[in-house]
Amino acid sequence: MRVSDDRYTRDRQRLDLALRLIRLEARTFTIRQWTGLSDDRIRKLYRSYCLTGNAKIVLRHRGKSPRQAAFFFRNSELNFQAAQLTSLFVIYGLLRGTSKRVESGYRIGSLDSGSLLCQTYEAYCELHAPIKISFEHAWFLLTALARHDELGIGRCEDCGGVRLADLLAKRKISCGNCRPLLVLSPSAALAC
Ligand SMILES: [Zn+2]
């Protein structure tokens with residue numbers, strides 16, 4: 001393949017990924033992280049996407065991105081969906097490792113990892129209606145699990161299923177499917 005063809009293909013892939021992220025309501029900052037496109041180019045892309053008649057209404061999220069792991073322990077349904085999304089991250093290879101500890105299986109800025117993240121989130125959306133976790137919260141969940149300082153993967157003591165583990169909590173919590181989250185862990189008590 002000639003160099004110019006190769007560049008064209010890469011650019012096309014970058015734009016396709018950016019459009020996919022816009023559809024999933026990702027923030028401009030996140031789109032820039034994954035595609036390397038400038039804010040200006042993302043804004044133009046966003047405008048042209050919204051001008052096409054068949055585009056669904058896309059919300060633009062402003063302000064700070066999600067930063068609190070406690071969000072995923074707010075209630076049982078949210079916790080259950082977060083555990084399912086976590087499993088999908090493992091299945092799609094965005095997280096890898098042993099049952100004791102997982103680590104990142106993605107590379108920020110890689111178009112392949114970016115598409116995999118979209119694919120995983122789209123699979124999550126197909127499983128749940130209504131969805132409780134936005135794309136930005138899903139991206140935060142993935143980074144928090146990869147950091148392994150606040151969140152980890154555990155096993156529910158009641159059903160043996162995958163549960164999201166609050167690494168800062170002293171008490172083990174059952175999965176959102178088995179037991180309602182009546183008592184919030186210390187880290188979960190913080191506002192999101
Ligand atoms: Zn359970």
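For reference, positions follow the sequence shown, starting with 1. In listed order, ligands and their atoms are each counted from 1.
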Given Asp16, Ile31, Thr28, the one that forms side-chain contact (heavy atoms from CB on, under 4.5 Å) with Leu21: Ile31

Determine, for Lys44 against Asp40, whether the closest basic-nitrogen to carboxylate-oxygen distance falls under 4.0 angstrom.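 Yes.
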
Hey, can you tell me if Phe72 and Phe140 have their rings parallel, tilted or perpendicular (30° and 60° cut-offs)? parallel

Atoms of protein origin (N, O or S) under 2.8 Å from the Zn ion (ligand 1): Cys156 SG, Cys159 SG, Cys175 SG, Cys178 SG

Under a 3.5 Å cutoff, is there a donor and acceptor pairing between the side chains of Thr30 and Glu136?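 Yes.
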
May I ask you to check whether Tyr106 and Trp139 place their ring centers less than 6.0 Å from one another?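 Yes: the rings meet the under 6.0 Å criterion.
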
Listing request: all salt bridge (Lys or Arg N to Asp or Glu O under 4.0 Å) pairs with a residue in residues 113-127, at least two apart in sequence or in separate chains. Arg20-Glu122

